Amino acid sequence: MFKEVKLFFKEYPPKETAKLTTPILILHGLFGSSKNWVSVSDFLSQYSKVYSLDLRNHGDSPHSTEHSLSLMAEDVKEFIDDHKLEKVIILGHSMGGLVAMTFALRHPEKVEDLIIQDIAPRDYEFKYEGELAVLRTDLSAFKNRQEIDSATSKFVDNPFIRNFLLMNLDRTESGQYRWKLNVDAISRSKNMFQAEFSGADKQYLGKVIFILGGDSEYFHTSDKIVCLEYFPNAKFETIPGGDHYIHFTKAEEFRKILTTFMDSIVSGSGK
């Protein structure tokens with residue numbers, strides 16, 4: 001049974017250059033939040049109003065004991081209904097991309113266009129034990145982020161990923177650190193990336209672009225076939241040398257692709 005979760009969001013008003021009336025929703029990846037998408041949100045506000053959401057159990061959104069693509073897609077539906085949005089353009093990264101695709105296949109009438117970053121509509125194994133170990137770290141004895149970063153390096157040796165995870169730190173009124181994420185619910189939901197895409201019995205026929213990192217392990221060449229089964233009008237753009245976080249690590253190339261895609265929406269809208 002679906003239990004409603006009212007998602008926290010950051011709103012970016014449309015700039016004077018904006019020519020679209022359809023708002024843009026941004027859905028972050030696992031262990032992320034709207035904090036990771038400030039620059040992209042600001043960039044896209046030149047086209048339309050932007051809502052950058054915190055998915056359940058992430059950021060400042062409510063915690064729930066349940067965590068799945070299906071429930072997150074229904075949370076997005078609740079958000080759209082609550083804000084009386086007729087249609088939306090959705091940009092989803094990783095887990096957020098899976099949520100965006102799940103939503104588009106369930107509610108195609110609500111989705112104007114779809115931007116998916118470095119993920120495919122298929123099952124993914126949950127392989128984040130190091131990340132979970134970082135997020136389970138007892139923070140009571142630490143005085144600053146540098147100490148936390150040093151202590152958690154034994155779990156995740158990649159400083160970029162550690163910094164990404166440490167964006168989930170928050171300070172209480174007493175000055176102690178705490179984790180914003182609902183680590184328990186996420187760690188109990190290791191099947192969250194499975195069984196939602198089990199055959200192309202549904203299709204989304206709108207415009208879709210998959211923006212991919214050339215060196216990412218999340219998207220294989222064979223995945224294009226799967227994408228086209230669900231999204232027959234999909235196009236693919238690969239950033240050479242790009243990883244899973246191309247919106248940040250290859251920001252200029254990522255924005256060029258976004259610009260071309262968004263300009264094509266504007267030119268086709270007649271607005």
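Computed from a prediction, not measured in an experiment: that's the story for all the values here. The analysis underlying the following values was restricted to heavy atoms, covering all of them including side chains, and did not include hydrogens, waters or symmetry mates.
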Give the intermediate values and the outcome of ring pair (Phe, Tyr, Trp, His ring centres under 6.0 Å) for residues H28 and H93. CA-CA 5 Å; H28 61 80; H93 170 229; 9.3 Å; no

Using 0.5 Å steps for rounding, measure from the [atom1] atom of [X] to the [atom2] atom of [Y].
| X | Y | atom1 | atom2 | answer |
| --- | --- | --- | --- | --- |
| I211 | I257 | CD1 | CD1 | 5.5 Å |
| L7 | L53 | CG | CG | 6.0 Å |
| D184 | S189 | CG | OG | 10.0 Å |
| D60 | F8 | CG | CZ | 4.5 Å |
| S48 | I24 | OG | CD1 | 5.0 Å |
| L258 | Q117 | CG | CD | 8.5 Å |

Testing I89, I90, V88 for side-chain contact (heavy atoms from CB on, under 4.5 Å) with E112, which one passes?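 The option that passes is I89.
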
So, are E125 and K190 salt-bridged, with charged N and O less than 4.0 Å apart?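 K190 and E125: not salt-bridged.
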
Pair E196 + R106: basic N to acidic O under 4.0 Å: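 Between R106 and E196 there is a salt bridge, with a charged N closer than 4.0 Å to a carboxylate O.
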
With a 6.0 Å cut-off on the ring centroids, do [X] and [Y] count as close?
| X | Y | result |
| --- | --- | --- |
| F126 | Y128 | yes |
| Y245 | F164 | yes |
| Y177 | F142 | no |
| Y51 | H83 | yes |
| F9 | F79 | yes |

Under a 3.5 Å threshold, yes or no: a donor from one side chain and an acceptor from the other, between K207 and S264?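 A donor-acceptor contact under 3.5 Å links the two side chains.
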
Hydrogens and angles aside, do S61 and R56 bring a side-chain donor and acceptor to less than 3.5 Å of each other?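 No - no donor-acceptor pair under 3.5 Å links their side chains.
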
Can you see which heavy atom on [X] is nearest to which on [Y], and at what distance?
| X | Y | value |
| --- | --- | --- |
| M192 | S68 | CB-CA, 4.4 Å |
| R145 | L166 | NH1-O, 3.1 Å |
| E11 | P13 | O-CD, 3.7 Å |
| L69 | V99 | CD2-CG2, 3.9 Å |

Would you say [X] has more than 12 foreign heavy atoms packed within less than 6.0 Å of its [atom1]?
| X | atom1 | result |
| --- | --- | --- |
| K235 | NZ | no |
| E217 | CD | no |
| E86 | CD | no |

Are R162 and F160 in a cation-pi contact, defined as NZ or CZ under 6.0 Å from the six-membered ring centre and within 45° of the axis?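 Cation-pi check for R162 and F160: fails.
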
For F197, is the NZ or CZ atom of R122 found under 6.0 angstrom from the centre of its six-membered ring and inside 45 degrees of the ring axis?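 No, R122 does not sit over the ring of F197.
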
Set out, in order, the CA-CA distance, both residues' side-chain angles and the distance that settles side chain to side chain contact (heavy atoms under 4.5 Å, CB included) for F236 and I209, then state yes or no. CA-CA 6 Å; F236 304 88; I209 186 168; over 6 Å; no

Between S34 and H58, is a side chain to side chain contact (heavy atoms under 4.5 Å, CB included) present by the stated rule, with each step listed? CA-CA 9 Å; S34 55; H58 289 72; over 6 Å; no

Could you check S174 against T172 for side-chain hydrogen bond (donor to acceptor under 3.5 Å, both in side chains), going step by step and ending with a plain yes or no? CA-CA 5 Å; S174 63; T172 63; 2.9 Å; yes

Can you list the steps and then say if E74 with H107 is a side chain to side chain contact (heavy atoms under 4.5 Å, CB included)? CA-CA 10 Å; E74 290 310 305; H107 306 285; 3.5 Å; yes

Would you please test D263 and Y47 for side-chain hydrogen bond (donor to acceptor under 3.5 Å, both in side chains) and show each step? CA-CA 9 Å; D263 285 350; Y47 291 98; 2.9 Å; yes

Listed by chain and number, what are the salt bridge (charged side-chain N to carboxylate O under 4.0 Å, His left out) partners of K77, not counting sequence neighbours?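 K77 satisfies salt bridge (charged side-chain N to carboxylate O under 4.0 Å, His left out) with D81 only.
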
Tell me, with the steps shown, if F31 and I186 meet side chain to side chain contact (heavy atoms under 4.5 Å, CB included). CA-CA 9 Å; F31 307 130; I186 292 170; 4.1 Å; yes

Worked check of side-chain hydrogen bond (donor to acceptor under 3.5 Å, both in side chains) between H63 and N57: CA-CA 4 Å; H63 288 187; N57 295 318; 5.0 Å; no

